[in-house]
Amino acid sequence: GHEGEFRGLTAANAAIHYQPDAFDTSRAKLMGRQAAGEGFLNAFVRHGGVDRFYCCAPRQEILDEFEARVAASAGAARPCAWVPVHDLQGLSNIGCLYRPDPGVAELSWHRRFLSNRAYSLCGVTHTTASANVMDAIGALVLAPLQSWDAVICTSSVVRTTLSHVIERWSAYLDSRVGGRPKMAVQMPVIPLGVDCAAYASSPEATAARAEIRQRHGIGDDDVVALFFGRLSFHAKAHPLPMMLGLEQAAQRTGKRVHLIQAGWFPNDSIRDAFAAGARSFCPSVNQIHMDGRDRSVRVDAWRAADLFTSLSDNVQETFGLVPIEAMAAGLPVVVTDWDGYRDTIRPGVDGFCIPTRLPMAGLGGDLAWRFHAEIDNYDRYIGQVSQTTSVDIQASAEAYTALVGRPDLRRRMGEAGRARAREVFDWQVVIKAYQELWAELARRRQADSEIAPRVADQPAHPLRDDPYAVFASYPTATIGLDDPVALAPGADAAALARVRRHDLNTFASRVLAGAGDCQALLHHLETRGQCTVGSLIASFPPPKRGIVHRTIGWLAKVGLVHLPGR
């Protein structure tokens with residue numbers, strides 16, 4: 001049991017459903033969800049104020065990596081504990097399980113085998129366009145999720161998207177079964193965060209800026225625009241509106257403009273396409289590529305820049321972490337009026353939001369079909385939607401021109417963005433919002449009514465029913481409490497030991513009674529003779545009776561007891 005280990009915890013803590021890939025930015029293919037996961041865990045360690053960190057994982061050896069990551073964030077070793085993913089009671093003692101994706105429906109079915117009220121579940125959205133995530137959203141409707149569970153939406157548009165998908169799925173279920181499921185899971189909007197202190201200005205940062213710019217041949221009066229993220233025209237942001245807008249700005253202002261693209265190319269052909277596009281569409285702008293997977297680049301790029309831009313046009317985006325990093329770094333931003341960007345950027349204050357347009361509903365049914373039928377893979381699906389999404393090039397050119405030509409405007413917007421990042425998006429603020437949510441979920445778990453409570457004699461999961469119930473029609477008869485059971489000839493402790501150690505008979509040992517209980521059962525039959533199954537298992541403590549009962553079937557299989565029938 002974990003009662004002593006977990007005693008005294010507050011609702012502000014949660015076990016972390018630790019999937020190493022979701023919290024690691026050192027891998028070859030750096031994704032936004034990994035940056036968000038690493039940032040969350042670092043911030044939770046630094047700002048959570050909890051006395052212990054809980055790693056919920058399938059194997060204990062994963063705890064070593066978790067402990068190392070916690071120690072790196074804290075600057076020293078901190079108490080950590082492993083909670084197996086199947087340890088429902090251990091999770092109940094903690095009170096909340098946090099998963100770094102929206103897949104909490106599956107976890108609610110796991111929890112139901114103990115109790116719907118055992119603990120709260122908290123997930124978070126990243127991309128919502130993939131088939132797996134859409135299925136996870138649909139699963140929220142039918143799963144036994146409660147009002148003390150939550151899926152955090154990182155932006156208001158994500159919440160709107162989830163609501164749309166849930167509404168359409170509920171409407172289908174209504175037409176299919178004649179009723180809409182009641183759904184109570186919370187969907188609060190809490191943004192991703194940024195460590196503002198890491199981007200603070202300092203004499204060291206100023207000196208580093210001069211060195212980096214000199215290294216890349218950037219003059220004191222030159223202007224550097226920065227794009228930070230995956231360099232993929234089909235899965236992140238088509239670069240053409242950015243290139244065309246910057247070219248116009250360079251020509252209008254007469255300034256020497258550099259474009260740093262800090263990120264990574266999925267393959268050489270996309271790298272070559274970007275390079276050819278730059279030569280064709282913005283020949284006046286000097287192109288600089290930095291590998292965004294390099295941790296030093298993640299510092300240097302911000303210091304070298306004068307403005308940040310991301311003209312995202314892709315439905316796989318949901319929040320957009322890099323614009324708030326730019327704000328924390330004191331850079332004015334030029335971003336599209338798209339997805340979560342509109343939650344973070346104040347037009348005319350922190351930067352400029354460039355209008356976008358999506359084709360009207362009803363024109364993409366064939367794209368959905370091709371994706372569903374796997375004619376098109378995920379990348380082709382989102383890329384096709386992106387290609388038909390327009391970005392106002394003229395508006396981007398005007399925004400770039402204003403910032404390139406006016407250092408005072410860059411400073412004013414940059415300082416406004418820096419202040420907003422500290423006030424709203426610093427991880428210290430965001431972690432507090434997470435913990436306030438977890439505390440609210442704990443209160444709801446005590447007070448709110450339960451949806452789909454467990455019913456006696458009904459399975460915890462209707463599609464994962466007791467196999468002895470599902471397949472009860474298969475055998476000649478079942479082993480009931482009133483059935484007689486007798487000791488087989490030659491059955492003794494030596495025979496039991498011989499049977500138990502043979503490879504043919506060890507397969508199910510973890511779900512059967514142990515050697516001592518089997519010996520006690522055989523001894524009972526030896527001393528008292530034939531008796532009913534019910535009277536035999538009554539000699540064992542109540543928690544063991546079910547396992548001993550089904551073990552009788554195994555003992556009969558291996559010839560140690562006999563079931564003569566009634």
Side-chain angles (χ1 to χ4, degrees), residues 25-26 28 30 32 35 38-39 194-231 236-237 239 242-243 245-247 249-250 253-265 271 274-275 278-279 282-311 320-335 350-351 400 403-415 417-418 421-422:
T25 61
S26 65
L30 174 57
E38 185 179 81
V194 63
D195 180 9
C196 291
Y199 300 86
S201 57
S202 66
E204 293 77 14
T206 301
R209 171 183 169 87
E211 190 278 326
I212 296 162
R213 287 170 71 100
Q214 183 179 21
R215 188 195 321 156
H216 290 281
I218 302 169
D220 292 342
D221 294 328
D222 295 356
V223 176
V224 176
L226 169 66
F227 173 88
F228 203 122
R230 276 178 294 151
L231 297 168
K236 186 67 175 178
M242 174 181 67
M243 291 177 177
L246 285 172
E247 177 67 18
T253 63
K255 287 278 191 179
R256 177 66 167 153
V257 177
H258 306 261
L259 172 61
I260 294 178
Q261 296 186 84
W264 58 274
F265 296 105
R271 180 199 62 199
F274 268 71
R279 289 192 298 270
C282 60
S284 303
V285 177
N286 181 43
Q287 304 289 319
I288 301 171
H289 172 245
M290 294 182 175
D291 190 342
R293 295 167 296 187
D294 186 329
R295 288 190 180 272
S296 65
V297 166
R298 293 181 223 167
V299 177
D300 292 352
W302 301 111
R303 290 173 172 173
D306 297 295
L307 66 93
F308 171 82
T309 185
S310 177
L311 301 186
L321 183 59
V322 282
I324 63 171
E325 292 179 318
M327 293 162 67
L331 296 178
V333 298
V334 180
V335 297
D350 313 303
Y400 292 140
L403 289 173
V404 169
R406 293 183 54 191
D408 62 318
L409 182 62
R410 295 199 300 269
R411 282 192 296 271
R412 175 166 59 82
M413 287 186 163
E415 286 307 311
R418 193 193 295 273
R422 286 196 300 264

Side chain to side chain contact (heavy atoms under 4.5 Å, CB included) for R298 and E325? Distances and angles first, verdict last.
CA-CA 10 Å; R298 293 181 223 167; E325 292 179 318; over 6 Å; no

Between R422 and E415, is the salt bridge (Lys or Arg N to Asp or Glu O under 4.0 Å) condition met? List the steps.
CA-CA 11 Å; R422 286 196 300 264; E415 286 307 311; 5.8 Å; no

Apply side chain to side chain contact (heavy atoms under 4.5 Å, CB included) to residues N286 and R256 and explain how you reach the verdict.
CA-CA 8 Å; N286 181 43; R256 177 66 167 153; 3.5 Å; yes

Please assess Q261 against Q287 for the test side chain to side chain contact (heavy atoms under 4.5 Å, CB included), listing each intermediate value before the final yes or no.
CA-CA 8 Å; Q261 296 186 84; Q287 304 289 319; 3.3 Å; yes

Are L231 and W264 close enough, and set up right, to give a side chain to side chain contact (heavy atoms under 4.5 Å, CB included), and what steps lead you there?
CA-CA 6 Å; L231 297 168; W264 58 274; over 6 Å; no

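The heavy-atom pair separating V297 from G292 by the smallest distance is CG1-CA, 4.1 Å. Residues A305 and L226 share a closest heavy-atom pair of CB-CB, 3.6 Å. Considering all non-hydrogen atoms of both residues, A205 and A200 come closest at CB-O, 4.3 Å. Closest approach of V404 to A249, counting heavy atoms only: CG2-CB, 4.4 Å. Across all non-hydrogen atoms, the minimal contact from V335 to P323 is CG1-CG, 4.2 Å. Annotation for A304 and I260: closest pair CB-CD1, 3.9 Å, computed over non-hydrogen atoms.
Side chains of I288 and V224 form no contact here, defined as non-hydrogen atoms less than 4.5 Å apart. Proximity of L259 to L246: side-chain heavy atoms (C-beta onward) are separated by under 4.5 Å at one or more points. Using a 4.5 Å cut-off on side-chain heavy atoms (C-beta onward), M327 and V194 make no contact. In this structure, the side chains of Y400 and V334 come closer than 4.5 Å at one or more pairs of heavy atoms. Between S310 and F227, some side-chain heavy-atom pair lies under the 4.5 Å cut-off.
The distance from atom CH2 of W302 to atom OH of Y199, rounded to the nearest 0.5 Å, is 6.0 Å. Here K255 contributes atom NZ and S284 contributes atom OG; the two are 15.5 Å apart, rounded to the nearest 0.5 Å. In this structure, NE2 on H289 lies 11.0 Å from NE2 on H216, to the nearest 0.5 angstrom. Here F228 contributes atom CZ and L331 contributes atom CG; the two are 12.0 Å apart, rounded to the nearest 0.5 Å. Here the CG-CE distance, from L403 to M413, works out to 6.0 Å after rounding to the nearest 0.5 Å. Annotation: the span from M242 atom CE to T309 atom OG1 amounts to 6.5 Å, rounded to 0.5 Å.
Within the structure, salt bridge (charged side-chain N to carboxylate O under 4.0 Å, His left out) pairs that include any residue of residues 206-215 comprise R209-D306, E211-R215, R213-D306 (at least two apart or interchain). Pairs engaging residues 217-229 under the salt bridge (charged side-chain N to carboxylate O under 4.0 Å, His left out) rule: none recorded [sequence neighbours left out].
For F274, the ring pair (Phe, Tyr, Trp, His ring centres under 6.0 Å) criterion is met by F265, not counting sequence neighbours.
By the 4.0 Å N-to-carboxylate-O rule, R279 lies too far from E247 to be salt-bridged with it.
Panel note: side chain R303, backbone A208; no donor-acceptor pair is recorded below 3.5 Å.
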